[in-house]
Amino acid sequence: MELNKLYDIVVKENISTNDFKMKNKAIILRVDKDYYIGLNYSKIEGITEEKELLAEELGHYYCNAFYNSSSSPSTIAQKEYRANKWKCTVLVSVNDFKDAFKKGLKNVYEIAEYLNLSEDTVAFAYNYYKENSYI
């Protein structure tokens, strides 16, 4: 999925996005019934990273995977996993992997370059699909 499609989802879901100066690169907040995504554009290194950060924050939204600073490490890990799973399944499909394999691409670096994603995102998606017998 391309970055503009993710921003279309943000608009459709009536989520406000703001350039937010903070320690992190991205955050999602829920205040009452409203949602806000803060992106620290000064720390984001390119469109690929922006796309992955926005997809992860939308993953928190769609999976109701919210936590706060007082949450336990296991709760944080669980919520992050759920958000990252959503991100990866939206950004990388099983067919994307099949197409890459047909083209002779075999390692994470090659597939990441082919899909314009980070190696971490591709590796997470591959492991998820493999562990769940999709590939």
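Just so you know, these numbers come straight off a predicted model, no measurement behind them. The basis for the numbers below is simple: all heavy atoms, side chains too, and nothing from hydrogens, waters or symmetry mates.
Annotation: K21, atom NZ; neighbour count of heavy atoms from other residues, nucleotides and ligands within 6.0 Å is above 12. Counting non-hydrogen atoms of other residues, nucleotides and ligands closer than 6.0 Å to CZ of F101 gives a total above 12. For I47, the CD1 atom counts as loosely surrounded, since its 6.0 Å shell holds 12 or fewer non-hydrogen atoms of other residues, nucleotides or ligands. Annotation: N64, atom CG; neighbour count of heavy atoms from other residues, nucleotides and ligands within 6.0 Å is above 12.
Checked by atom type, the side-chain pair N40/S42 shows a donor-acceptor distance below 3.5 Å. With hydrogens and angles left out, the side-chain atoms of N95 and K98 include no donor and acceptor closer than 3.5 Å. No donor-acceptor contact under 3.5 angstrom links the side chains of Y61 and E56, judged on distance only.
In this structure, R30 is positioned above the aromatic face of F66, its NZ or CZ under 6.0 Å from the six-membered ring centre and within 45° of the axis.
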Stepwise, does the side-chain hydrogen bond (donor to acceptor under 3.5 Å, both in side chains) test hold for E50 with Y7? CA-CA 11 Å; E50 182 180 353; Y7 278 109; 2.5 Å; yes

Could you go through Q78 and Y67, starting from their C-alpha distance and side-chain angles, then the distance that decides it, and tell me whether this counts as side-chain hydrogen bond (donor to acceptor under 3.5 Å, both in side chains)? CA-CA 10 Å; Q78 177 189 41; Y67 60 87; over 6 Å; no

When you look at N68 and S70, which way does the side-chain hydrogen bond (donor to acceptor under 3.5 Å, both in side chains) test go after all the steps? CA-CA 5 Å; N68 59 46; S70 64; 2.7 Å; yes

May I have the step-by-step check of side-chain contact (heavy atoms from CB on, under 4.5 Å) for V108 and Y126, ending in yes or no? CA-CA 9 Å; V108 172; Y126 178 80; 6.0 Å; no

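Contact check for I9 versus E13: side-chain heavy atoms found under the 4.5 Å cut-off.
Cluster partners of Y109: none. The rule joins Ile, Leu, Val, Met, Phe, Trp and Tyr whenever side-chain heavy atoms lie under 4.5 Å apart, and it links nothing here.
Close placement of the F124 and Y81 rings is indicated, their centers lying within 6.0 Å of each other.
Between K25 and E49, at least one side-chain N (NZ, or NE/NH1/NH2) sits under 4.0 Å from a carboxylate O, which counts as a salt bridge.
No side-chain donor-acceptor contact under 3.5 Å links E57 to the backbone of I37. For the pair E52 (side chain) and S118 (backbone), a donor-acceptor distance under 3.5 Å is present. Put simply, the side chain of K43 gets close to the backbone of K23: a donor and an acceptor are under 3.5 Å apart.
Nearest heavy-atom pair across M22 and I27 is SD-CG2, 3.6 Å. Across every non-hydrogen atom of Y129 and C88, the tightest pair is OH-O, 4.2 Å.
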